[in-house]
S.K.: 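I have a structure I would like to understand better, so I am pasting it below and will then ask my questions one at a time.
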2 protein chains.
Amino acid sequence: MSQIDIIQHLRHQPLFQRLSDPQLAALEPHVRPQRGDKGQLLFQRGDDCDGMYVVVYGKVKLAIPSPQGVEKVVEIIHPGQSFAEAVMFLGKPYPVLAQLLEDSLLLHIGAAGVFQALGEDPGFARNMLAGMSLRLHGMVRDVERYSVETALQRVIGYLLQQMDGAPTGGKAVLTLEANKNLIASRLNLTPETFSRVLQQLSKAGLVEVDGRDIALLDPAALADYGMTPPA
Amino acid sequence: MSQIDIIQHLRHQPLFQRLSDPQLAALEPHVRPQRGDKGQLLFQRGDDCDGMYVVVYGKVKLAIPSPQGVEKVVEIIHPGQSFAEAVMFLGKPYPVLAQLLEDSLLLHIGAAGVFQALGEDPGFARNMLAGMSLRLHGMVRDVERYSVETALQRVIGYLLQQMDGAPTGGKAVLTLEANKNLIASRLNLTPETFSRVLQQLSKAGLVEVDGRDIALLDPAALADYGMTPPA
DNA sequence: CGAACTTTTGAGCAACATCAAGCTTGGTGG
DNA sequence: CCACCAAGCTTGATGTTGCTCAAAAGTTCG
């Protein structure tokens with residue numbers, strides 16, 4: 001793995017796009033590529049943290065281990081996204097665990113490198129702030145979901161959200177980003193409840209479920225459903 | 001309200017402490033002081049956003065209005081803290097509403113001013129990143145609370161957290177930052193449940209409740225309690 | 001083909017919410 | 001100084017959502 005590779009990868013990450021060539025070169029010594037297989041634990045809750053990660057390819061799960069062994073999925077990180085920035089800034093131990101959902105390639109960027117880049121390029125700071133803002137908003141929505149929405153509403157909200165980006169006028173098809181157990185956890189549901197809700201939507205003629213593929217037959221009606229107690 | 005006042009206030013906010021005098025002067029035209037009375041709505045969910053706020057004195061509640069009129073308190077902002085930075089960065093409408101819990105003085109900083117300061121001072125960027133990191137961590141903990149902890153554990157966790165900063169070896173006394181209805185909402189509980197849990201802790205001899213003042217008689221034992229189903 | 005995992009289905013239950021009164025508390029005015 | 005009112009808080013009785021436990025039916029993959 002030569003230096004060229006790292007810089008090439010960095011250049012293609014949204015976070016680093018605006019850095020100049022010299023700035024990238026200066027960052028490079030702080031970057032460590034890290035390949036891993038599906039299932040590998042990147043870090044545990046409580047581990048110390050000395051940098052942040054960017055996903056080049058693959059998927060990473062961030063989750064909170066619960067005392068009873070069951071864990072709660074907080075977020076699923078996709079390629080181009082980063083994580084652990086906040087922990088790095090605070091110098092606290094990780095509040096979550098990170099595990100690879102697929103064989104993946106990550107870049108680990110040491111804290112020193114990040115601070116250096118921040119000092120050199122205001123655009124980088126803005127990118128990081130934008131990224132954290134996005135994540136913060138996601139968390140606010142999660143909190144909202146968990147606290148004011150019912151199971152039915154959470155599932156509907158998730159489906160509609162996943163559909164975004166494919167504005168097929170009438171119907172839309174999507175594929176779950178992970179297995180149903182994980183999605184259920186993400187929505188703070190048991191797999192049993194998730195299954196039942198999907199079936200309910202299916203019987204109502206709003207969706208068609210085929211394994212991980214889900215067709216939303218009428219997004220508008222779907223959005224309504226669940227808002228109105230049977231009336 | 002003269003220019004001097006604004007700059008003096010800014011200088012005392014953690015977020016702006018590191019800005020130089022000329023930088024503060026440059027920021028000043030983008031800053032608008034805003035005084036308001038208890039109960040005043042600063043903005044509603046869905047309003048457009050063109051800057052961030054800093055609390056000089058008073059308290060602000062951020063909450064999600066629920067369809068049925070009940071609202072869910074997301075956060076309570078204290079003096080020295082800021083809010084709406086993330087929304088400003090994303091240029092989205094507010095996902096929450098903001099209401100003054102007391103007569104307050106706020107500073108509203110226009111987006112242009114913030115971006116300017118970011119470009120001029122890396123320290124400012126770092127301060128903002130640190131602030132957002134902190135908020136993000138708070139949200140992660142909230143998500144954790146709502147999803148894996150029981151009502152009892154949430155209350156205990158809240159009490160212990162509020163106690164931080166007063167490391168009185170054995171016991172500690174704290175005053176709730178708002179009325180019990182608000183705290184209950186913050187913990188995603190009904191006021192009834194909150195009341196019952198406090199009473200349970202009281203009967204167990206772990207706390208003493210006197211209106212908004214709560215004495216933690218044995219923080220260590222309190223932390224244990226609720227971890228272990230009666231056994 | 002069989003082992004391991006994932007998903008579905010069913011029955012019972014627990015935690016917490018809801019609904020409905022009482023009971024304090026604090027501020028206001030007679 | 002006390003009566004009064006409204007808001008905040010507590011208490012009890014009842015209800016419902018989604019979880020737990022158990023097991024069967026699909027899937028995946030070597």
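Note that these values count all heavy atoms, side chains included, but never hydrogens, waters or copies made by symmetry. The shown structure was predicted, so the numbers you read here are calculated from the model rather than taken from an experiment. Residue numbering restarts at 1 for every chain, and letters A, B, ... go by the order of the sequence lines.
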S.K.: For A/H12, does the NE2 atom sit with more than 12 other heavy atoms under 6.0 Å from it, leaving out its own atoms?
M.R.: no

S.K.: Taking distance alone, no hydrogens or angles, what donor-acceptor pairs closer than 3.5 Å link side-chain atoms of residues 50-64 of chain B to residues at least two apart or in another chain?
M.R.:
from, atom 1, to, atom 2, distance (Å)
B/D50, OD1, B/H108, NE2, 3.3
B/Y57, OH, B/R35, NH1, 2.8
B/K59, NZ, B/E102, OE2, 3.4
B/K59, NZ, B/E177, O, 3.2
B/K61, NZ, B/E71, OE2, 2.5
B/K61, NZ, B/Q99, OE1, 2.7

S.K.: With rounding to the nearest 0.5 angstrom, report the CD to OH distance, B/Q200 to B/Y225.
M.R.: 4.0 Å

S.K.: I'd like to check B/V31 versus B/F16 (side-chain heavy atoms, cut-off strictly below 4.5 Å). Are they in contact?
M.R.: no

S.K.: Between A/P191 and A/K180, is any pair of side-chain heavy atoms under 4.5 Å apart?
M.R.: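 A side-chain contact is absent here, since even the closest heavy-atom pair is not under 4.5 Å.
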
S.K.: Check the interface with nucleotides 15-19 of chain C: list each N/O to N/O pair with the protein under 3.5 Å, or write none.
M.R.:
from, atom 1, to, atom 2, distance (Å)
C/dC16, OP1, B/A151, N, 2.9
C/dA17, OP2, B/T190, OG1, 3.2
C/dA17, OP2, B/T193, OG1, 2.5
C/dT18, O4, B/R196, NH2, 3.2
C/dC19, N4, B/E192, OE2, 3.0

S.K.: Find the distance A/K180:NZ to C/dT6:P and express it as a whole number of Å.
M.R.: 13 Å

S.K.: Rounding to an integer number of Å, can you tell me how far B/L176 CG sits from D/dG8 C1'?
M.R.: 13 Å

S.K.: Determine whether a donor-acceptor pair (N or O, by modelled atom type, separation under 3.5 Å) exists between the side chain of A/Q34 and the backbone of A/L106.
M.R.: no

S.K.: Among residues 200-215 of chain A, which residues get a heavy atom nearer than 4.0 Å to DNA chain C?
M.R.: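 Of all residues in residues 200-215 of chain A, none places a heavy atom under 4.0 Å from DNA chain C.
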
S.K.: Which residues pass the ring-ring contact (aromatic ring centres under 6.0 Å, His included) test with A/Y94, sequence neighbours left out?
M.R.: A/F43

S.K.: Which salt bridge (Lys or Arg N to Asp or Glu O under 4.0 Å) pairs, counting each pair once, include a residue from residues 206-222 of chain B, with sequence neighbours left out?
M.R.: none

S.K.: Is a donor on one side and an acceptor on the other found under 3.5 Å between the side chain of A/S185 and the backbone of A/V73?
M.R.: yes

S.K.: Can you check the B/K38 NZ to C/dG26 P distance for me, whole Å?
M.R.: 13 Å

S.K.: Could you tell me the separation between the CG atom of A/L41 and the CG atom of A/L97, rounded to the nearest 0.5 Å?
M.R.: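 Result: 5.5 Å between the selected atoms.
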
S.K.: Find the distance B/N179:CG to C/dG26:P and express it as a whole number of Å.
M.R.: 13 Å

S.K.: Donor-acceptor pair, distance only, cut-off 3.5 Å: does the side chain of A/R145 make one with the backbone of A/L187?
M.R.: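 Absent.
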
S.K.: Taking only nitrogen or oxygen atoms into account, show me every contact under 3.5 Å that the protein makes with nucleotides 24-30 of chain D, one pair per line with its distance.
M.R.:
none

S.K.: Atom CZ of A/F194 and atom C1' of C/dT7: how far apart are they, to the nearest Å?
M.R.: 11 Å

S.K.: In whole Å, I'd like the distance from the CD atom of A/Q153 to the C1' atom of D/dG18.
M.R.: 14 Å

